[in-house]
Asker: 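My questions all concern the structure below.
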Amino acid sequence: MSNKDTVNLIDESGILAISTRLQRLSDQFRKDGLLLYKAFGIEFEPKWFPVIYTLQFKSPLSILELAAEIGYAHPSTISLLKELEQQKLISSLRDKTDERKRLIILTAKAWEVIEKMKPVWEVMIKILSEVTETENNLLKALNETEDQLRKKSFFERAQQLVEVMKDQRGEAGIKSSDLEIQLVETPERLKTSAAIRKSILREFDDDQLLSIAEDHRTLHFLATVHDLPAGTVSCRKTRTGNKIEGLAILEQYRGKGIGKALLRKLAEETDEALYVHAPLALVTWFERAGFIKKGKQLEESGSLYYKMVSGS
């Protein structure tokens, strides 16, 4: 397969290849930018631009401040600074208020380079304006896209969409007439609920947030599909409401709406607000079920969690 065929396949893949195409465009801009600098007799790597450009207007800056300004991860910023230091384009000072903190400044050599690059930047602005001034302005589109991702990251959106898709598959896979949820009132059913919880706790490495505190105030509910055990949940009355504990769904029944059906049953059977200490991995799932975070991230028995309350 030729390079041309490969490029065409990527182009035809549409939005799926947007990251690849942006990288390709960025590489082209960097390559041509390097040639333009050399044409003006300037030895300068385009990847150094964000640091040099920022420090000419804001200086000195700590490494963390600089990373935030250019929007790079801390390790990537460190890597760039090492290169620039080797080129003698930056140096560092000690912060008078904190001896451990490095403050980054431009060197005299960097200021000389900036003066040489200003005419190049004028050329770049004109050319980039020309190639991006299309019906769908690239710069405007980038600003809008970055704004969207600041509000909610790509990964967070993906997690929520996966939950929606699971719910949709679940609604199609299990009819309400096939699902039954009952209060556990017999020793046999209590053993079944405990066996489901034990299986899930083993899977999650005995996560204490999923365990239950047995006392007379604890209610247990068992979900069955065609009379076969599918999931369980427990609820314990506390001074601040009804705490959800021991929510566990067997693997073959996950993504079919059983967990949410158990929560709805709890809401019907209890007379106070429901709350849960949700492990980080389940926060998005509980949000989809109508729960809301209360307060900051907490820790219990070595596990991180959020306290979440039912929105109704």
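This one's a predicted model, so the numbers in the text were calculated from it and none came from an experiment.
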Asker: Has the side chain of Arg94 got a donor or acceptor atom that lies under 3.5 Å from a matching backbone atom of Arg102?
Answerer: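 No.
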
Asker: Linking I/L/V/M/F/W/Y whenever their side-chain heavy atoms sit closer than 4.5 Å, directly or via other members, would Leu25 and Leu128 fall into one cluster?
Answerer: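 Result: yes, single cluster for both.
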
Asker: Quick one: does any side-chain atom of Thr54 pair with a main-chain N or O of Pro50 as donor and acceptor, under 3.5 Å?
Answerer: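 At least one qualifying donor-acceptor pair exists.
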
Asker: Under the ring pair (Phe, Tyr, Trp, His ring centres under 6.0 Å) rule, collect the residues that match up with Phe221, sequence neighbours excluded.
Answerer: none

Asker: With a 4.5 Å cut-off on side-chain heavy atoms, are Thr134 and Leu138 touching?
Answerer: no

Asker: Would Lys265 and Glu269 pass as an ion pair if we require N to O under 4.0 Å?
Answerer: yes

Asker: Test side-chain contact (heavy atoms from CB on, under 4.5 Å) on Lys293 and Glu287 and set out the steps.
Answerer: CA-CA 8 Å; Lys293 292 178 188 175; Glu287 286 178 333; 3.6 Å; yes

Asker: Does NZ belonging to Lys109 count more than 12 external heavy atoms closer than 6.0 Å?
Answerer: yes

Asker: Pick one: which of Leu280, Val276, Leu282 meets side chain to side chain contact (heavy atoms under 4.5 Å, CB included) with Tyr306?
Answerer: Leu280

Asker: Could you note down all residue pairs passing salt bridge (charged side-chain N to carboxylate O under 4.0 Å, His left out) where residues 34-57 supplies at least one of them, sequence neighbours left out?
Answerer: Lys47-Glu83

Asker: Are Asp147 and Lys151 within salt-bridge range, i.e. N to O under 4.0 Å?
Answerer: yes

Asker: Going by ring pair (Phe, Tyr, Trp, His ring centres under 6.0 Å), name the residues that satisfy it together with Trp121, two or more places apart in sequence or in a different chain.
Answerer: Phe49, Tyr53

Asker: Looking at Tyr275, does the NZ or CZ of Lys307 lie under 6.0 angstrom from its six-membered ring centre and within 45 degrees of the ring axis?
Answerer: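 Geometry flag: set, cation within 6.0 Å and 45°.
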
Asker: My understanding is that only residues two or more places apart in sequence, or in another chain, count here; which of them pass ring pair (Phe, Tyr, Trp, His ring centres under 6.0 Å) with Tyr37?
Answerer: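 With sequence neighbours excluded, Tyr37 shows a ring pair (Phe, Tyr, Trp, His ring centres under 6.0 Å) to Phe44, given in chain and number order.
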
Asker: Does Lys118 pair with Glu115 as a salt bridge, N-O distance under 4.0 Å?
Answerer: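 A salt bridge is present here (some side-chain N lies under 4.0 Å from a carboxylate O).
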
Asker: Is there a donor-acceptor pair closer than 3.5 Å between any side-chain N or O of Thr107 and the backbone N or O of Lys88?
Answerer: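 Side chain of Thr107 to backbone of Lys88: a pair is present.
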
Asker: Using the side-chain contact (heavy atoms from CB on, under 4.5 Å) rule, take Arg236 and Thr218 through it: C-alpha gap first, then chi angles, then the decisive distance, then the call.
Answerer: CA-CA 4 Å; Arg236 181 166 55 91; Thr218 302; 3.6 Å; yes

Asker: Tell me, please, which residues at least two apart from Glu69 pass side-chain hydrogen bond (donor to acceptor under 3.5 Å, both in side chains).
Answerer: Lys58

Asker: Roughly how far, to the nearest 0.5 Å, is CD of Glu65 from OG of Ser59?
Answerer: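 So the OG of Ser59 and the CD of Glu65 are separated by 10.5 Å.
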
Asker: Are side-chain N/O atoms of Glu85 and Gln87 paired as donor and acceptor at under 3.5 Å?
Answerer: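 Note: Glu85 and Gln87 side chains miss the donor-acceptor criterion.
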
Asker: Considering residues at least two apart in sequence or located in another chain, which fulfil the salt bridge (Lys or Arg N to Asp or Glu O under 4.0 Å) criterion with Glu156?
Answerer: none

